[in-house]
Undergrad: 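Have a look at the structure that comes next, please.
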Protein chains: 2
Amino acid sequence: MNATTLRALADSNRLKIVELLLSGPLTVGEIVDRLGLHQPQVSKHLRVLSDAGLVEAEPSANRRIYRLRPEPLRELEDWVGSFKRIWDDHLDRLDDYLRELQTPE
Amino acid sequence: MNATTLRALADSNRLKIVELLLSGPLTVGEIVDRLGLHQPQVSKHLRVLSDAGLVEAEPSANRRIYRLRPEPLRELEDWVGSFKRIWDDHLDRLDDYLRELQTPE
DNA sequence: TATATATATTCTTGTAAAGGAATATTCATA
DNA sequence: TATGAATATTCCTTTACAAGAATATATATA
């Protein structure tokens, strides 16, 4: 897994933007209105998300329509999916048991 | 989704620690050896991960055995899973089309 | 062409957070 | 009880980054 995606998501305002875009593409102004943030901050957050490949912009006249890009999210899902192994922790408990055995008492 | 989990993961060394622990619990010293980091930094990273609920420690004699905690990872998986909606982007393209219609030309 | 609107960028400042070095703490054992 | 090993914490310095304010850029329209 690459830390860039996670770093881009590791900010509550950017998280809100991403969650907003889950319902569909939005212009910058629409995001500003819905989140009550200042326009420059929203543009800067969008820049970070865009650099991380999490969103893309499509110009439309005066505005720019931002939408989510699936790829990094898919990658993140694959990564975290690989942790299903530990959902039941049999292996870990066994590991502890083996470790106990070799601890002199 | 909460930003704390993501912030804890948004560091490449912590990411490496988490990925190491995927294969099973490890002591601090084992993590130090495998990642070639200094022991205090590893302890500090483990502190961050622990505060975020991503790992837990079990004392064993002189050492502390760290293991992953499933809950936050499960939560992350659920969250990113909710994005499957956009895997095929029909809705988004439709959205764009509708937006085109109301753009004066 | 001048103006307004939407968006992006730059500059500055404050704050969080990461690494290094040193030290404290805890437990086992000679 | 003194010592060593494993781990955690503190202090310091540096870097990254988020917000605010001001400004630049681009496009539409009067």
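Protein chains get the first letters and strands the later ones, always in sequence-line order, with residue 1 at the start of each.
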Undergrad: Send over the distance from Arg7(A) CZ to dA18(C) C1', rounded to a whole Å.
TA: 11 Å
Undergrad: Look for any protein N or O under 3.5 Å of an N or O in nucleotides 3-10 of chain C and output each such pair with its distance, or none.
TA:
from, atom 1, to, atom 2, distance (Å)
dT5(C), O2, Asn62(A), ND2, 3.1
dA6(C), O4', Asn62(A), ND2, 3.4
dT7(C), OP1, Val28(A), N, 3.4
dT7(C), OP2, Gly29(A), N, 2.7
dA8(C), OP1, Arg64(A), NH1, 2.8
dA8(C), OP1, Tyr66(A), OH, 2.4
dA8(C), OP2, Ser43(A), OG, 2.7
dA8(C), N7, Gln39(A), NE2, 2.7
dA8(C), N6, Gln39(A), OE1, 3.3
dT9(C), OP2, Arg47(A), NE, 3.3

Undergrad: Distance-only, no hydrogens or angles: does the Glu77(A) side chain make a donor-acceptor pair with backbone N or O of Asp78(B) under 3.5 Å?
TA: no
Undergrad: Any carboxylate oxygen within less than 4.0 angstrom of a Lys/Arg side-chain nitrogen, looking at Glu58(A) and Arg67(A)?
TA: yes
Undergrad: Quick one: Asp51(A) CG to dA16(D) P, roughly how many Å, whole number?
TA: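 Answer to the nearest Å: 16 Å.
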Undergrad: Between Glu30(A) and Arg63(A) (salt bridge meaning N to carboxylate O under 4.0 Å), is one present in this structure?
TA: no
Undergrad: Within this structure, what is the CD-to-P distance between Glu58(B) and dT7(D), rounded to whole angstrom?
TA: 14 Å
Undergrad: I want to check something: taking the side chain as every heavy atom from C-beta on, are Leu46(A) and Ile31(A) in contact at a cut-off of under 4.5 Å?
TA: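 With C-beta onward as the side chain, the pair touches.
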Undergrad: How many Å lie between CG on Leu6(A) and P on dA16(D), as a whole number?
TA: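 My rounded result for the distance is 19 Å.
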Undergrad: Is there a Watson-Crick or G-U wobble partner for dA8(C) with both distances under 3.5 Å, and which nucleotide is it?
TA: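 Pairing partner, where one exists within any strand: dT23(D).
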Undergrad: Sorted by first residue and then second, give each salt bridge (charged side-chain N to carboxylate O under 4.0 Å, His left out) pair with at least one member in residues 3-13 of chain B; sequence neighbours left out.
TA: none
Undergrad: Would you mind reading off the distance between Asp11(B) atom CG and dT15(D) atom P, rounded to a whole angstrom?
TA: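 Atom-to-atom, Asp11(B) to dT15(D), this comes out as 17 Å.
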Undergrad: How many Å lie between CG on Leu37(A) and P on dA18(D), as a whole number?
TA: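 Distance check: Leu37(A) CG to dA18(D) P gives 13 Å.
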Undergrad: Could you tell me how far apart His38(B) (NE2) and dA22(C) (P) are, to the nearest whole angstrom?
TA: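 Those two atoms, NE2 and P, are 12 Å apart.
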Undergrad: Hey, is the side chain of His45(A) poking within less than 4.0 Å of OP1 or OP2 on dA19(D), counting only N and O atoms?
TA: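 So the side-chain polar atoms of His45(A) do come within 4.0 Å of the phosphate oxygens OP1 or OP2 of dA19(D), strictly under.
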Undergrad: Thinking salt bridges, do Arg47(A) and Asp51(A) make one under a 4.0 Å N-O criterion?
TA: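 Looking at Asp51(A) together with Arg47(A), the answer is yes, because their closest N to O distance falls below 4.0 Å.
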